[in-house]
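This report refers to the structure that appears directly beneath it.
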Amino acid sequence: MVYWRCFLILMLTTCMAFTFQENPENHALYISVVKIEHKTGAATAKIHMRVFTDDLKSVLRNKFGYEAIREKETFCTDYENYINRYFEKQFICSINDGQTSFKLADCERTDEVYQLTFEMDCPETWTTAQINAGFFMELFPKQSNVLHVEDGTTKRFGRATKGNKILKIRF
C-alpha cells in the first residue's frame, strides 16, 4: 500500500511539474539597445540594434504568421524582407521634420542576441530628430528600448516605453 502511495505521489508531482513548467521563450528582461550614428555632413547614418533573438522571432511570427518564421542558419537572409517591413512600421525616425527611410545592411546572431544594422538616408545636417521606437511593445508591454543618438560629436540618450514611445531631440 505504501508503495502505491509513493508511486501515486511521484506521478502527480511529475505531471504537475510538466503542467506548470514556464515557457522557455519567456525571459525576465524585455529590452533592446539602439544606436544611431551620423557622421558630420554625411547623407547616410547607421542604425545599430541589439534585440533578443526570441523577441525578434516572436514579433515576426505575430506579424507575418507562425509557420513563416523558423530558426535556421540563414535566418537573416531568409527573413530580411520581413525584418525591413516590420521595422519600417515600428521604428519611425524623422530628421529635421522629414521622415527617413532605411534598409537592413547587416544581421548577425551572437548568443541570444541579433545585431541588426540598418543604413538610413538622411539630411547632411541635423537640427532635430524625432524617433518613435515602439517596436516589440505590441507583444511585450514591459519592453524598453534604450536609444543612443550621435550626430557628429553631439550625443543624446533616451528610453522608449509603452507609455512613452517617442523621443524628441534637438542638436
Side-chain angles (χ1 to χ4, degrees), residues 23-64 69 71 75-77 79-171:
N23 182 349
E25 293 211 3
N26 288 341
H27 49 80
L29 293 174
Y30 291 94
I31 190 166
S32 73
V33 178
V34 179
K35 180 179 181 182
I36 301 175
E37 216 174 4
H38 177 245
K39 296 187 188 308
T40 304
T44 61
K46 298 239 187 247
I47 303 169
H48 304 281
M49 290 185 184
R50 293 181 55 84
V51 297
F52 283 112
T53 58
D54 57 338
D55 293 351
L56 178 61
K57 288 184 283 186
S58 292
V59 297
L60 294 179
R61 285 179 181 139
N62 182 61
K63 178 76 175 162
F64 301 108
I69 309 300
E71 180 61 41
F75 178 87
C76 292
T77 54
Y79 303 118
E80 179 178 353
N81 186 42
Y82 289 137
I83 294 168
N84 279 318
R85 287 175 42 203
Y86 176 78
F87 281 104
E88 75 184 15
K89 300 284 186 204
Q90 298 294 330
F91 185 79
I92 301 166
C93 188
S94 299
I95 307 294
N96 303 341
D97 297 323
Q99 189 169 331
T100 62
S101 62
F102 54 87
K103 292 290 179 205
L104 188 65
D106 190 38
C107 174
E108 183 181 331
R109 181 178 176 162
T110 54
D111 297 321
E112 297 302 314
V113 173
Y114 274 109
Q115 171 71 41
L116 308 174
T117 302
F118 296 89
E119 183 88 14
M120 178 174 69
D121 295 324
C122 62
E124 294 176 4
T125 304
W126 293 10
T127 56
T128 61
Q130 180 171 304
I131 302 161
N132 182 336
F135 61 92
F136 293 7
M137 293 177 193
E138 71 275 17
L139 284 185
F140 310 114
K142 293 184 180 181
Q143 176 75 25
S144 183
N145 298 322
V146 178
L147 293 119
H148 173 163
V149 182
E150 289 183 10
D151 175 38
T153 59
T154 305
K155 298 177 183 180
R156 299 286 188 262
F157 300 90
R159 183 174 69 112
T161 58
K162 182 101 173 154
N164 188 23
K165 297 178 187 178
I166 299 174
L167 177 66
K168 296 179 182 181
I169 301 171
R170 291 195 182 279
F171 295 97

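One-based numbering along the sequence shown. Given the structure is predicted, the values throughout are model-derived calculations rather than measurements.
With sequence neighbours left out, the side chain to side chain donor-acceptor pair (under 3.5 Å) criterion links R159 to S144. When the ring-ring contact (aromatic ring centres under 6.0 Å, His included) test is applied to F136, no partner is found at least two apart in sequence or on another chain. With sequence neighbours excluded, the residues forming a side chain to side chain donor-acceptor pair (under 3.5 Å) with T44 are E119, listed by chain and number.
For residues 102-111, the set of pairs meeting the salt bridge (charged side-chain N to carboxylate O under 4.0 Å, His left out) definition, not counting sequence neighbours, comprises E71-R109, R109-E112.
Side chain of N84 to backbone of L104: a donor-acceptor contact under 3.5 angstrom is found.
Taken to the nearest 0.5 Å, the CD atom of Q90 stands 8.0 Å off from the CG atom of N132. Between atom CG of residue D151 and atom OG1 of residue T40 there is a gap of 6.0 Å, rounded to the nearest 0.5 Å. Summarising the geometry, atom NE2 belonging to H48 is positioned 10.0 Å from atom NE2 belonging to H148; distances are rounded to the nearest 0.5 Å. The CG atom of L139 lies 11.5 Å from the CZ atom of R61; values are rounded to the nearest 0.5 Å. Atoms CD1 and CG, from I95 and D121 in turn, are 11.5 Å apart once rounded to the nearest 0.5 Å.
The two residues Q143 and I31 have their closest heavy-atom pair at NE2-C, 3.6 Å. The shortest heavy-atom contact between N145 and A133 is ND2-O, 2.8 Å. When all heavy atoms of I36 and C93 are compared, the pair lying nearest together is CD1-SG, 4.3 Å.
Counting heavy atoms from C-beta on, the side chains of K57 and F75 come closer than 4.5 Å. In this structure, F118 and M49 have side chains that are in contact, with non-hydrogen atoms separated by less than 4.5 Å. You'll find the side chain of Y79 stays beyond 4.5 Å of the side chain of L56, heavy atoms only. For the pair R85 and K63, the minimum side-chain heavy-atom distance is 4.5 Å or more.
Relative orientation of the F102 and F91 rings is perpendicular, given thresholds of 30° and 60° on the angle between their planes.
For F135 and Y86, the gap between ring centers reaches or exceeds 6.0 Å.
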Residues 122-130 side chain polar contacts: donor-acceptor under 3.5 Å, at least two apart:
from	atom 1	to	atom 2	distance (Å)
W126	NE1	P123	O	3.0
T127	OG1	N96	OD1	2.9

For a quick test of your reading: what N or O donor-acceptor pairs under 3.5 Å do the side chains of residues 160-171 make, sequence neighbours left out?
from	atom 1	to	atom 2	distance (Å)
K162	NZ	M137	O	3.4

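Surrounding CZ of R156 are more than 12 heavy atoms belonging to other residues, nucleotides or ligands, all under 6.0 Å away.
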